[in-house]
Amino acid sequence: MQLVLFNGSPRGKTSNTKVLLNQFEKGFKTGGGEVISTNYLLQQKHLSEQVAAFKSAEVVFLAFPLYVFSVPGIVKQFIEAIGEFNGSEKKILFLIQSGFSEACQNDSAKKQMENLAKRWKMENLGVIVKPGAEGVRLMPAIMTKKLFKQLNALGMQLAKNGKLNKEDLKNIATPVELL
Ligand SMILES: Cc1cc2nc3c(=O)[nH]c(=O)nc-3n(C[C@H](O)[C@H](O)[C@H](O)COP(=O)(O)O)c2cc1C
């Protein structure tokens, strides 16, 4: 499988999003997958090329942090630049990662991405939700070991099976709520 990545963090190459994508990519490549390109939505002067890369890809991966319970502005701009699009025969997956500890904070953005995949008529391979992710780029290896292993596994699954394990998606998106 060939994958085109879109990193929607306003922090670009120094983002938590990049750290998480790198780990997914590691597993994906080990499983035999190929990443064709990584596009940083922060680089807005490349917006038209990025839209073209999105539209021509077979499988796209849109990853971004949660900002004020929603997508960052650069992701909204990218979605609007794609506009109405018939992506039947194409596939998409998402990663939403956030600072607060509860995965439920991401529910509305997750729903928005699920609706977007439907609107673009793309097969939705899944939405990876990871709460409590602020600082992963700074944490010592011992604190990120479990998370990186989960992301490696998801990447490997995509390359080998063409899909993500639903139980693993559920496990990474925890805790759902702090009681
Ligand atoms: C302006 C701003 C708004 C944010 N809003 C939220 C939020 O509503 N909920 C949340 O859980 N985290 C929120 N965060 C935290 C980010 O989602 C978190 O730090 C994330 O890991 C940043 O990822 P990045 O380094 O890839 O940009 C916010 C951060 C910033 C800077």
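Just so you know, ligand 1 is whichever comes first in the structure, and atom 1 is the first atom listed for that ligand. All residue numbers refer to positions in the sequence shown, counting from 1.
Shown here are the salt bridge (charged side-chain N to carboxylate O under 4.0 Å, His left out) partners of Lys29, two or more places apart in sequence or in another chain: Glu25. Considering only residues two or more places apart in sequence or on other chains, Asn152 meets the side chain to side chain contact (heavy atoms under 4.5 Å, CB included) condition with Gln23, Lys26. The side chain to side chain contact (heavy atoms under 4.5 Å, CB included) test applied to Lys18 returns Asn7, Lys13, Ser15, Asn22, Tyr40, not counting sequence neighbours.
For the residue pair Met122 and Lys91, the shortest heavy atom distance occurs at CE-O, 3.7 Å.
Although no hydrogens or angles enter the test, the distance criterion places no donor-acceptor pair under 3.5 Å between the side chain of Glu58 and the main chain of Lys90.
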Report task. In sequence, state the C-alpha distance, the side-chain angles, and the governing distance for Phe54 and Phe78, and then conclude on ring pair (Phe, Tyr, Trp, His ring centres under 6.0 Å). Result -> CA-CA 10 Å; Phe54 182 97; Phe78 180 62; 5.8 Å; yes
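Every protein residue with a heavy atom nearer than 4.0 Å to ligand 1 is included here: Ser9, Arg11, Ser15, Asn16, Thr17, Pro65, Leu66, Tyr67, Val68, Phe69, Gln97, Ser98, Gly99, Phe100, Ala133, Glu134.
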